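Working notes, beginning with the structure itself.
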Amino acid sequence: MADPAQIDWPEATGAWLARGGGTRLRSMVYSAEVIQERVRAMAEEITAHYEPDDDLLVLGLLKGSFIFMADLVRWIERPIHVDFLVASSYGAEVRSSGAVKLLYDPAGPIEGRHILLVEDIIDSGTTIERLADSLRTRRPASLEICALLHKHIAIDLSIEPRWVGFDAPSDFLVGYGLDHAEDYRHLPFVASIHG
Ligand code: IMP
Ligand code: MG
(Lines give C-alpha, C1' and ligand atoms only; values in the text may rest on other atoms or scores of the structure.)
(Ligands and ions follow the chains in the order given, each with its own letter.)
Protein backbone atom coordinates (compact mmCIF):
# COMPACT_ATOMS: atom_id res chain seq x y z
CA MET A 1 0.00 0.00 0.00
CA ALA A 2 1.32 3.44 -0.91
CA ASP A 3 2.46 5.73 1.88
CA PRO A 4 0.12 8.74 2.00
CA ALA A 5 3.01 10.91 3.17
CA GLN A 6 4.64 10.44 -0.24
CA ILE A 7 1.66 11.77 -2.14
CA ASP A 8 1.64 15.49 -2.75
CA TRP A 9 -1.56 16.21 -4.62
CA PRO A 10 -4.75 17.34 -3.00
CA GLU A 11 -7.04 14.75 -4.57
CA ALA A 12 -5.01 11.91 -3.09
CA THR A 13 -7.47 10.08 -0.94
CA GLY A 14 -7.51 6.62 0.48
CA ALA A 15 -9.66 5.59 -2.49
CA TRP A 16 -6.91 6.44 -4.99
CA LEU A 17 -4.20 4.86 -2.91
CA ALA A 18 -6.24 1.70 -2.55
CA ARG A 19 -6.09 1.21 -6.34
CA GLY A 20 -2.32 0.84 -6.36
CA GLY A 21 -0.26 -2.27 -6.01
CA GLY A 22 2.25 -1.27 -3.39
CA THR A 23 4.82 0.84 -5.25
CA ARG A 24 4.78 4.40 -4.02
CA LEU A 25 3.26 7.05 -6.23
CA ARG A 26 5.28 10.25 -6.20
CA SER A 27 3.17 13.01 -7.71
CA MET A 28 0.32 13.82 -10.06
CA VAL A 29 1.67 14.73 -13.48
CA TYR A 30 -1.52 15.22 -15.56
CA SER A 31 -4.92 15.46 -13.94
CA ALA A 32 -7.99 13.79 -15.42
CA GLU A 33 -9.36 17.21 -16.41
CA VAL A 34 -6.17 18.29 -18.18
CA ILE A 35 -6.00 14.97 -20.04
CA GLN A 36 -9.64 15.17 -21.20
CA GLU A 37 -9.15 18.69 -22.55
CA ARG A 38 -6.00 17.73 -24.43
CA VAL A 39 -7.45 14.50 -25.85
CA ARG A 40 -10.45 16.38 -27.17
CA ALA A 41 -8.21 18.97 -28.87
CA MET A 42 -6.15 16.20 -30.49
CA ALA A 43 -9.30 14.51 -31.78
CA GLU A 44 -10.38 17.79 -33.35
CA GLU A 45 -7.02 18.07 -35.12
CA ILE A 46 -7.27 14.47 -36.32
CA THR A 47 -10.80 15.09 -37.61
CA ALA A 48 -9.58 18.13 -39.56
CA HIS A 49 -6.47 16.40 -40.94
CA TYR A 50 -8.14 13.73 -43.08
CA GLU A 51 -10.15 14.18 -46.27
CA PRO A 52 -13.84 13.35 -45.94
CA ASP A 53 -13.66 10.15 -47.99
CA ASP A 54 -10.33 8.85 -46.59
CA ASP A 55 -10.66 5.28 -45.34
CA LEU A 56 -9.26 5.73 -41.82
CA LEU A 57 -8.31 2.84 -39.55
CA VAL A 58 -7.39 3.84 -36.01
CA LEU A 59 -5.09 1.21 -34.50
CA GLY A 60 -4.53 1.24 -30.76
CA LEU A 61 -1.48 -0.43 -29.31
CA LEU A 62 -2.59 -2.55 -26.37
CA LYS A 63 -2.65 -2.59 -23.54
CA GLY A 64 -1.39 0.89 -22.66
CA SER A 65 -3.57 2.82 -25.13
CA PHE A 66 -6.92 1.36 -24.09
CA ILE A 67 -8.24 4.33 -22.11
CA PHE A 68 -6.68 6.92 -24.39
CA MET A 69 -8.21 5.18 -27.45
CA ALA A 70 -11.63 5.00 -25.84
CA ASP A 71 -11.59 8.72 -25.08
CA LEU A 72 -9.93 9.81 -28.34
CA VAL A 73 -12.22 8.01 -30.78
CA ARG A 74 -15.32 9.41 -29.11
CA TRP A 75 -14.23 12.91 -30.10
CA ILE A 76 -13.27 12.07 -33.70
CA GLU A 77 -16.11 13.42 -35.83
CA ARG A 78 -15.71 11.42 -39.04
CA PRO A 79 -16.11 7.79 -40.07
CA ILE A 80 -13.38 5.53 -38.72
CA HIS A 81 -12.74 1.87 -38.13
CA VAL A 82 -11.12 0.79 -34.88
CA ASP A 83 -8.76 -2.10 -34.27
CA PHE A 84 -5.86 -2.96 -31.98
CA LEU A 85 -2.32 -4.29 -32.07
CA VAL A 86 -0.82 -6.33 -29.28
CA ALA A 87 2.93 -6.21 -28.82
CA SER A 88 4.96 -7.86 -26.11
CA SER A 89 5.31 -5.74 -22.99
CA TYR A 90 8.12 -4.92 -20.62
CA GLY A 91 6.82 -7.19 -17.91
CA ALA A 92 7.61 -5.85 -14.48
CA GLU A 93 10.59 -3.78 -15.56
CA VAL A 94 10.67 -0.01 -15.82
CA ARG A 95 13.14 -0.01 -18.71
CA SER A 96 12.76 -0.83 -22.39
CA SER A 97 14.02 -4.28 -23.32
CA GLY A 98 14.43 -3.29 -26.97
CA ALA A 99 12.51 -6.32 -28.23
CA VAL A 100 9.02 -5.85 -29.65
CA LYS A 101 7.01 -8.89 -30.59
CA LEU A 102 3.60 -8.67 -32.29
CA LEU A 103 1.15 -11.04 -30.64
CA TYR A 104 -1.95 -9.85 -32.51
CA ASP A 105 -2.38 -7.62 -35.50
CA PRO A 106 -5.46 -6.72 -37.46
CA ALA A 107 -6.80 -9.40 -39.74
CA GLY A 108 -8.32 -6.87 -42.16
CA PRO A 109 -6.43 -5.14 -44.99
CA ILE A 110 -3.97 -2.30 -44.34
CA GLU A 111 -3.05 -1.66 -47.98
CA GLY A 112 -4.48 1.56 -49.37
CA ARG A 113 -5.99 2.63 -46.05
CA HIS A 114 -5.04 5.58 -43.88
CA ILE A 115 -3.58 4.20 -40.65
CA LEU A 116 -3.44 6.12 -37.40
CA LEU A 117 -1.39 4.27 -34.82
CA VAL A 118 -2.27 5.24 -31.25
CA GLU A 119 0.39 4.79 -28.56
CA ASP A 120 0.29 5.55 -24.85
CA ILE A 121 3.87 6.75 -24.49
CA ILE A 122 7.03 7.02 -26.57
CA ASP A 123 10.09 6.29 -24.48
CA SER A 124 13.07 4.81 -26.37
CA GLY A 125 10.97 4.83 -29.57
CA THR A 126 11.69 1.14 -30.19
CA THR A 127 8.02 0.15 -30.15
CA ILE A 128 6.75 2.65 -32.72
CA GLU A 129 9.87 2.17 -34.85
CA ARG A 130 9.26 -1.59 -35.12
CA LEU A 131 5.52 -1.25 -35.59
CA ALA A 132 5.88 1.45 -38.23
CA ASP A 133 8.35 -0.77 -40.15
CA SER A 134 5.96 -3.68 -40.04
CA LEU A 135 2.91 -1.60 -41.04
CA ARG A 136 4.76 0.11 -43.89
CA THR A 137 5.44 -3.22 -45.57
CA ARG A 138 1.66 -3.55 -45.89
CA ARG A 139 1.53 -0.35 -47.97
CA PRO A 140 -0.99 1.89 -46.20
CA ALA A 141 -2.10 5.06 -48.01
CA SER A 142 -0.62 6.95 -45.05
CA LEU A 143 0.76 6.15 -41.63
CA GLU A 144 0.58 8.63 -38.76
CA ILE A 145 1.21 8.27 -35.06
CA CYS A 146 -0.72 9.79 -32.21
CA ALA A 147 0.92 9.42 -28.79
CA LEU A 148 -0.52 10.63 -25.52
CA LEU A 149 2.95 11.12 -24.03
CA HIS A 150 6.38 11.64 -25.57
CA LYS A 151 9.51 11.61 -23.44
CA HIS A 152 11.64 13.05 -26.25
CA ILE A 153 14.61 10.89 -25.40
CA ALA A 154 14.37 8.82 -28.60
CA ILE A 155 16.85 9.82 -31.28
CA ASP A 156 16.76 9.18 -35.02
CA LEU A 157 13.16 8.04 -35.24
CA SER A 158 12.23 7.29 -38.84
CA ILE A 159 8.74 8.52 -38.01
CA GLU A 160 7.82 11.33 -35.62
CA PRO A 161 4.34 11.32 -34.14
CA ARG A 162 2.13 13.91 -35.81
CA TRP A 163 0.06 14.30 -32.65
CA VAL A 164 1.49 14.32 -29.12
CA GLY A 165 -0.64 14.95 -26.06
CA PHE A 166 2.09 16.02 -23.69
CA ASP A 167 5.88 16.30 -23.69
CA ALA A 168 6.42 14.05 -20.69
CA PRO A 169 9.14 14.15 -18.04
CA SER A 170 11.59 11.25 -18.04
CA ASP A 171 10.07 9.85 -14.82
CA PHE A 172 8.29 6.50 -14.92
CA LEU A 173 4.60 7.29 -15.34
CA VAL A 174 1.49 5.30 -14.49
CA GLY A 175 -2.25 5.66 -14.86
CA TYR A 176 -4.68 6.40 -17.73
CA GLY A 177 -3.68 3.06 -19.28
CA LEU A 178 0.00 3.05 -18.29
CA ASP A 179 1.11 0.39 -15.88
CA HIS A 180 3.85 -0.57 -13.54
CA ALA A 181 3.90 -4.39 -13.46
CA GLU A 182 0.21 -4.25 -14.53
CA ASP A 183 -0.81 -2.04 -11.62
CA TYR A 184 -2.29 1.45 -11.89
CA ARG A 185 -3.70 1.22 -15.44
CA HIS A 186 -7.14 2.25 -14.23
CA LEU A 187 -6.19 5.54 -12.58
CA PRO A 188 -8.03 8.39 -14.37
CA PHE A 189 -4.92 10.60 -14.14
CA VAL A 190 -1.19 10.18 -14.87
CA ALA A 191 1.17 10.05 -11.92
CA SER A 192 4.89 9.48 -11.52
CA ILE A 193 6.23 6.60 -9.55
CA HIS A 194 9.41 5.78 -7.68
CA GLY A 195 11.06 3.57 -10.35
P1 IMP B 1 9.57 2.46 -26.13
O2 IMP B 1 9.51 1.28 -27.04
O3 IMP B 1 10.86 2.49 -25.32
O4 IMP B 1 9.31 3.78 -26.82
O5 IMP B 1 8.49 2.26 -25.00
C6 IMP B 1 7.14 2.32 -25.27
C7 IMP B 1 6.34 1.42 -24.36
O8 IMP B 1 7.01 1.22 -23.10
C9 IMP B 1 5.01 2.05 -24.03
O10 IMP B 1 4.01 1.62 -24.92
C11 IMP B 1 4.77 1.58 -22.60
O12 IMP B 1 4.08 0.35 -22.59
C13 IMP B 1 6.15 1.38 -22.02
N14 IMP B 1 6.60 2.55 -21.25
C15 IMP B 1 7.60 3.40 -21.56
N16 IMP B 1 7.73 4.36 -20.65
C17 IMP B 1 6.78 4.12 -19.72
C18 IMP B 1 6.40 4.79 -18.51
O19 IMP B 1 6.94 5.82 -18.07
N20 IMP B 1 5.36 4.23 -17.83
C21 IMP B 1 4.70 3.11 -18.25
N22 IMP B 1 5.03 2.47 -19.38
C23 IMP B 1 6.07 2.96 -20.10
MG1 MG C 1 3.58 -1.31 -20.23
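First listed ligand is number 1; within each ligand, the first listed atom is number 1. What you see below is based on every heavy atom in this structure, not just the backbone, and it leaves out hydrogens, waters and symmetry mates. All values reported here derive from a predicted model rather than from experimental measurement.
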* **Least distance between heavy atoms, Pro52 atom then Arg78 atom** =>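 For Pro52 versus Arg78, the nearest heavy atoms are O-NH2, 3.3 Å.
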Is ligand 1 under 4.0 Å from a heavy atom in the side chain of [X], in the backbone, in both, or in neither?
X	answer
Ile128	neither
Leu178	side chain
Thr126	both
Glu119	side chain

* What is the ring orientation for Trp163 with Tyr50, classed by angle as parallel under 30°, tilted 30 to 60°, or perpendicular over 60°? -> tilted
* Give the ring-plane orientation class for Phe68 versus Tyr176, where under 30° counts as parallel, over 60° as perpendicular and anything between as tilted. =>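 Phe68 and Tyr176: tilted rings.
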* Pick one: which of Arg38, Arg40, Gln36 meets side chain to side chain contact (heavy atoms under 4.5 Å, CB included) with Asp71? ->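 The side chain to side chain contact (heavy atoms under 4.5 Å, CB included) with Asp71 is passed solely by Gln36 among Arg38, Arg40, Gln36.
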Within a distance under 4.0 Å of any heavy atom of [X], pick out the atoms of ligand 1 and give their elements.
X	result
Gly125	1 (P), 3 (O), 4 (O)
Asp171	19 (O)
Asp179	21 (C)
Lys151	16 (N), 17 (C), 18 (C), 19 (O)

* Please indicate whether any nitrogen or oxygen in Val174 is less than 3.5 Å from any nitrogen or oxygen in ligand 1. =>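 Between Val174 and ligand 1 (N or O atoms, distance only) the closest approach is not under 3.5 Å.
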* Asked: Is there a side-chain hydrogen bond (donor to acceptor under 3.5 Å, both in side chains) between Asp167 and His152 once you walk through the steps?
  -> CA-CA 7 Å; Asp167 296 328; His152 290 283; 2.7 Å; yes
* Which of these, Ser124, Ser170, Ala168, has its nearest heavy atom closest to atom 3 (O) of ligand 1? ->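 When every heavy atom of Ser124, Ser170, Ala168 is considered, Ser124 comes closest to atom 3 (O) of ligand 1.
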* Is the gap between the ring centers of Phe166 and Tyr30 under 6.0 Å? -> yes
* Do you see a donor-acceptor pair shorter than 3.5 Å between the side chains of Arg136 and Ser158? -> yes
